[in-house]
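Heads up: the structure comes next, in structure tokens.
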Amino acid sequence: MQPPFTHRWDVTPAQARLIQEAGRALVVAEDRLDPIGRVAGVDVGFEQGGAVARAAVAVLEFPSLAPVASAVARRPAAFPYVPGLLSFREIPAILDALERLDAPPDLLVCDGQGLAHPRRFGLACHLGVLTGLPSLGAAKSRLLGEHGPLPPERGAWAPLVDRGETVGAVLRTRAGVAPLYVSIGHRVSLARAVGLVLALAPRYRLPETTRRAHRLASGPADATAR
DNA sequence: GCGACAG
DNA sequence: ATCTTGTCGC
């Protein structure tokens, strides 16, 4: 089984960093996955100026990418946004949404960093260790690390390096659009993570999936109000 | 001290 | 993340 990893969520920033230091030892940074039948895209964000944390999860069959389930959850944010401590705002809402899914996923594709994090324990690692599920980070922007020039064509990638350590990859999922920052979450290697994100990229994009998950979960009243 | 800083 | 104006390229 998974090593147990539970902790409080009503913590100070200093306590949150200590929890991250403890959690990083539990991250499995290599491929330990079964065949993937369903992938969950996990998008996070906030509402009401940061007072409410929101999570939207869409489950797709893999590799067909046919949608099979979705859920959204909102929670009063018990933690401010602090760079490096995003999990403590968002993961409670994510866990709520995951519990409501009809079809459990085999992989979590997270909207945020994994190992590409100051303490090597970004949201993707944290969620992976908590659930025991394979996970990876696919962030829309950079938290830390440097990289060389990125060729313009789809599939091009460059290592993301922090303090002399490769912590992720910058991946061009489409020509002419901003790259994604891919990193290991849990039980997935970086090479596999890059390959998976590329396989999802043609029809799966985080912002679109978020809107779709909201529409599916909030019903026609909300959908027509937009 | 100054700038950077997932969502 | 979200909002708004100005600019560039197809």
Side-chain angles (χ1 to χ4, degrees), chain A residues 9 11 13-14 16-17 19-21 23-24 27 40-58 72-98 108-130 135-147 152 157-163 165-171 173-186 188 190 193-194 197 205-214 225-226:
Chain A
W9 293 97
V11 294
R17 291 185 186 96
I19 289 167
Q20 291 178 330
E21 300 281 5
R24 72 193 285 184
V27 171
V42 178
D43 187 79
V44 301
F46 61 72
E47 296 170 0
Q48 297 171 33
V52 173
R54 168 186 52 70
V57 179
V72 294
R74 292 164 222 279
R75 276 210 175 203
F79 205 87
Y81 172 70
V82 179
L85 301 180
L86 177 66
S87 330
F88 287 85
R89 275 185 65 78
E90 305 292 348
I91 285 187
I94 297 173
L95 294 175
D96 286 347
L98 289 177
L108 304 172
V109 177
C110 302
D111 179 20
Q113 310 289 350
L115 285 183
H117 176 277
R119 287 162 294 281
R120 306 296 183 256
F121 198 66
L123 185 147
C125 298
H126 201 150
L127 189 60
V129 167
L130 283 172
S135 68
L136 62 88
K140 299 182 287 295
S141 65
R142 188 188 64 97
L143 176 58
L144 52 71
E146 304 84 43
H147 64 89
W157 65 276
L160 184 67
V161 177
D162 177 57
R163 289 183 268 154
E165 198 177 337
T166 295
V167 294
V170 190
L171 173 65
T173 56
R174 286 180 66 189
V177 305
L180 287 182
Y181 295 78
V182 178
S183 56
I184 289 172
H186 188 51
V188 182
L190 182 57
V194 167
V197 171
R205 300 199 219 335
L206 290 172
E208 292 171 18
T209 301
T210 304
R211 288 183 208 110
R212 170 172 208 150
H214 272 86
R226 308 225 162 197

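Note that these values count all heavy atoms, side chains included, but never hydrogens, waters or copies made by symmetry. Naming: A, B, ... by sequence-line order, numbering from 1 per chain.
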**OP:** Answer with base, sugar-phosphate or nothing: what part of the nucleic acid does Q113(A) contact at a heavy-atom distance below 4.0 Å?
**Re:** base

**OP:** Pick base, sugar-phosphate or nothing for L85(A), based on heavy-atom distances below 4.0 Å to the nucleic acid.
**Re:** base

Original post:
dT2(C) C1' sits how many Å from E47(A) CD, rounded?
Top reply: 12 Å

**OP:** Would you mind reading off the distance between F46(A) atom CZ and dT2(C) atom P, rounded to a whole angstrom?
**Re:** 7 Å

**OP:** Measure the CZ-CZ distance between R17(A) and F88(A) for me, rounded to the nearest 0.5 Å.
**Re:** 10.0 Å

Original post:
First and last nucleotide of DNA chain B in contact with chain A, 5' to 3', at under 4.0 Å to a heavy atom: what are they?
Top reply: dA4(B) to dG7(B)

Original post:
For the residue pair A97(A) and A55(A), what are the closest heavy atoms and their distance?
Top reply: CB-O, 4.4 Å

Subject >> Any donor-acceptor N/O pair, Q113(A) side chain to G168(A) backbone, under 3.5 Å >> reply: no

Subject >> Closest non-hydrogen atom pair, A77(A) against G50(A) >> reply: CB-O, 3.5 Å

Subject >> Length of the CZ-P vector between F79(A) and dA1(C), whole Å >> reply: 20 Å

Original post:
Does a salt bridge link R120(A) with D162(A), judged by any charged N lying under 4.0 Å from a carboxylate O?
Top reply: yes

**OP:** With rounding to the nearest 0.5 Å, note down the distance linking CG in L130(A) to SG in C125(A).
**Re:** 11.0 Å

**OP:** Using a 4.0 Å heavy-atom cut-off across all strands, classify G84(A) as base, sugar-phosphate, or nothing.
**Re:** base

Original post:
What is the nucleic acid contact for R89(A), judged by heavy atoms within less than 4.0 Å: base, sugar-phosphate only, or nothing?
Top reply: nothing

